[in-house]
Amino acid sequence: MFSTDDFIQLAFYLSFLTYYLGTLIYALPIPIYSLKRWGPNLIKDSILTFTLLVSIDFIKNGIIETANIMGSNWEGFYSWTDTTLDFLGQQRLLLIAYYTAFKALKSLILYGDLLGPVIRLISYNMITISFIRISGYFFQSYWFILIAMGIMLISMPFRIGRSAGAWLIALSVVFYIGLPLLPAFAQSLAPPMSQISTHPNNLLNWGISYPVVETGFPYAQPPNNTSFPVEFKVREEAGDTLIARYVSDAGYVDASLAERGLPSNKEFFVYYIIDGISFPAEPYPVDPNSDYTIKESRITLETFSPFILWMNSNYALLYRDSMKIQVDSISVRKTSTYNYIVSLQFHAPNQTYIELRAPDNTQVNIISCDNCNFFSNGKWRWLGLTGTSIRILTTNQAKTSNVIIQFEGRETETPDFSKLEYYYVKDFLGVTTDSIYFIISNIFFQLMFMPILYLAILTLIARQLARLLGSRVFPYIPIRG
């Protein structure tokens, strides 16, 4: 492989050859103008290339010093390109998640079709930045050998390689000095970039989907539905990392909003929190691949907690602590707006119990308790509500237990759900709505248009330098008026 010294040595030989050819043609006794005019031209060309070769070290040091004065920094350039590629990869991953979610929603199919071209544009953008990075590595590593090669081409007799040599020198000088300044150019004329996610690994591992979640209790009427808010928690594992916390409304958790969402790649666990008790909900765990279904043109997740036997709008609650307790029948009779009579028939093994919790605005009377005992289990507190709990135990596990409970309530008091919610997309993944808008509004201006514009400016500067060095071949854009 040729080295810089090889090209410089070859340029010296060609420079002397050009000079001797010029002298020879100058001395030829042939009165042909088209031939004789080459004599002085070849002599001038040889002197030019000889001057460039003699001062090659000064040229090299001058270029390096100019780059330092202008603030060219290749480490900063590579850091910017690497950060930008990571950033674009996150944008692409997020938009693919949105695209997949929207494509599954027939009513929102238009958004999926719009995101497809945006994802492709981000892919083209990543290719562009990768090309710029490779170009930077090329010019940083080979700029001086390209200059030596350019001088060698200029020194060829009869200006055979003059235009090519001039372009090689011009591109090498301009891109070596100017390309590391691309990050400063792009950032000075565009808004600063921000990470699409503060937890990119979570975004990659967990993914994003936008289901509507149905909440409910199997013994409610109608089943699997409750019309009053409950606290809905999503965890990675039982008692482990909190992924999301929402408040249900009319029996549903609307996780389809842009900042909410739920995982699409990994299993997770759902809990209902009522009166300070955490109830696991089925399916347990949730598998997005099998448990997300399409219902009424929307991604839907149906959940329920088999532990909860009954609850009313006052948050009076009746639940079993174990699935070993067999509930034979449960009936609820509403006597007035806030008054209910609940009849329950069940079988309970040892070490299990049924518990009722009632807020302070609800009075509880156990009318009858056959084959069971009950006792007060203290006070409870939850989101601003306070109340008492009563635990019911069977006296003979071989027999059926029957209990009738009367709830007499007053005006409804609701828990304080304000500042409770923890959004999966915004909080767990660290993706904000502003970041999503940023993708569309600013990313292409800063990371595609600005780099391409800057490369065009460097090319125009190189064109003028090549012209100064004697090139007569220039690219142009044919614009017709």
Side-chain angles (χ1 to χ4, degrees), residues 4 7-8 51-53 55-91 122 124-151 165-196 200 435 438-439 441-469 471 474-475:
T4 304
F7 286 115
I8 291 176
T51 303
L52 290 174
L53 291 169
S55 57
I56 189 70
D57 289 334
F58 295 101
I59 294 173
K60 179 180 180 180
N61 294 332
I63 293 172
I64 294 174
E65 188 63 28
T66 302
N68 292 334
I69 292 173
M70 296 186 67
S72 295
N73 187 310
W74 284 107
E75 291 183 2
F77 171 79
Y78 292 130
S79 176
W80 179 82
T81 54
D82 292 340
T83 302
T84 300
L85 288 173
D86 291 341
F87 177 74
L88 289 173
Q90 293 179 32
Q91 319 296 316
I122 290 183
Y124 299 150
N125 200 349
M126 295 178 70
I127 293 173
T128 302
I129 298 298
S130 299
F131 171 76
I132 292 174
R133 192 186 194 285
I134 294 171
S135 299
Y137 176 79
F138 176 78
F139 282 108
Q140 182 197 13
S141 303
Y142 301 107
W143 70 278
F144 190 58
I145 194 172
L146 291 176
I147 290 177
M149 188 185 302
I151 296 175
W167 270 104
L168 271 180
I169 296 173
L171 289 173
S172 302
V173 172
V174 171
F175 278 80
Y176 176 78
I177 296 175
L179 199 55
L181 301 175
L182 171 59
F185 178 83
Q187 294 171 9
S188 63
L189 299 180
M193 286 196 307
S194 61
Q195 291 290 328
I196 189 63
S435 298
F438 180 85
I439 299 174
S441 60
N442 292 330
I443 185 174
F444 299 117
F445 177 75
Q446 180 175 356
L447 299 181
M448 179 171 283
F449 176 74
M450 297 303 292
I452 291 176
L453 176 63
Y454 187 69
L455 292 180
I457 292 173
L458 292 183
T459 303
L460 289 175
I461 296 174
R463 176 183 184 272
Q464 294 304 115
L465 180 58
R467 183 175 182 178
L468 180 65
L469 293 173
S471 175
F474 306 114

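Remember, predicted model here, so these are calculated numbers, not experimental data.
- For F138, the ring-ring contact (aromatic ring centres under 6.0 Å, His included) test picks out Y142, with sequence neighbours left out.
- To the nearest 0.5 Å, atom CD1 of residue I461 and atom CG of residue L465 are 9.5 Å apart.
- Every pair passing salt bridge (Lys or Arg N to Asp or Glu O under 4.0 Å) that includes a residue from residues 124-136 is listed here, sequence neighbours excluded: D82-R133.
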(Q) Could you go through I63 and I147, starting from their C-alpha distance and side-chain angles, then the distance that decides it, and tell me whether this counts as side-chain contact (heavy atoms from CB on, under 4.5 Å)? (A) CA-CA 11 Å; I63 293 172; I147 290 177; 3.6 Å; yes

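- Atom OH of Y137 is separated from atom CD1 of I134 by 11.0 Å, given to the nearest 0.5 angstrom.
- Smallest separation of non-hydrogen atoms from A466 and A166: O-CB, 3.6 Å.
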**Q.** side-chain contact (heavy atoms from CB on, under 4.5 Å) evaluation trace for Y176 with I64
**A.** CA-CA 9 Å; Y176 176 78; I64 294 174; 4.2 Å; yes

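- Considering CD of E65 and NZ of K60, their distance stands at 14.0 Å, rounded to 0.5 Å.
- Residues satisfying the ring-ring contact (aromatic ring centres under 6.0 Å, His included) criterion with F144, sequence neighbours excluded, are absent altogether.
- Between S172 and L146, the shortest heavy-atom contact is OG-CB, 3.0 Å.
- Within the 3.5 Å criterion, the main-chain N or O of Y78 finds a donor-acceptor partner in the side chain of T81.
- The salt bridge (Lys or Arg N to Asp or Glu O under 4.0 Å) contacts involving residues 446-461 comprise nothing, where partners must be two or more places apart or lie in separate chains.
- T66 pairs by the side chain to side chain contact (heavy atoms under 4.5 Å, CB included) definition with M70, I177, not counting sequence neighbours.
- Here L460 contributes atom CG and Q464 contributes atom CD; the two are 7.5 Å apart, rounded to the nearest 0.5 Å.
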(Q) Show, in sequence, the C-alpha distance, side-chain angles and deciding distance for F449 and Y454, and conclude whether the side-chain contact (heavy atoms from CB on, under 4.5 Å) test is met. (A) CA-CA 9 Å; F449 176 74; Y454 187 69; over 6 Å; no

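- Nearest heavy-atom pair across S135 and L179 is C-CD2, 4.1 Å.
- The CG atom of L181 lies 12.0 Å from the CZ atom of F175; values are rounded to the nearest 0.5 Å.
- The shortest distance between side-chain heavy atoms of L469 and I169 falls below 4.5 Å.
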Q) Under the side-chain contact (heavy atoms from CB on, under 4.5 Å) criterion, do I8 and I151 qualify, and how do the steps go? A) CA-CA 8 Å; I8 291 176; I151 296 175; over 6 Å; no

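- Of the possible polar contacts, one joining the S130 side chain to the M126 backbone as a donor-acceptor pair under 3.5 Å is found.
- T459 places a side-chain N or O within donor-acceptor distance of the main-chain N or O of L455, the cut-off being under 3.5 Å.
- Going from atom CG of L453 over to atom CG of L182 covers 10.0 Å, rounded to the nearest 0.5 Å.
- Taking the ring centroids of F77 and W74, they lie under the 6.0 Å cut-off.
- By the 4.5 Å heavy-atom criterion applied to side chains, N73 and P180 are not counted as neighbours.
- Closest approach of F185 to M450, counting heavy atoms only: CE2-CE, 3.5 Å.
- Listed by first then second residue, pairs satisfying salt bridge (Lys or Arg N to Asp or Glu O under 4.0 Å) with a partner in residues 175-186 number zero, not counting sequence neighbours.
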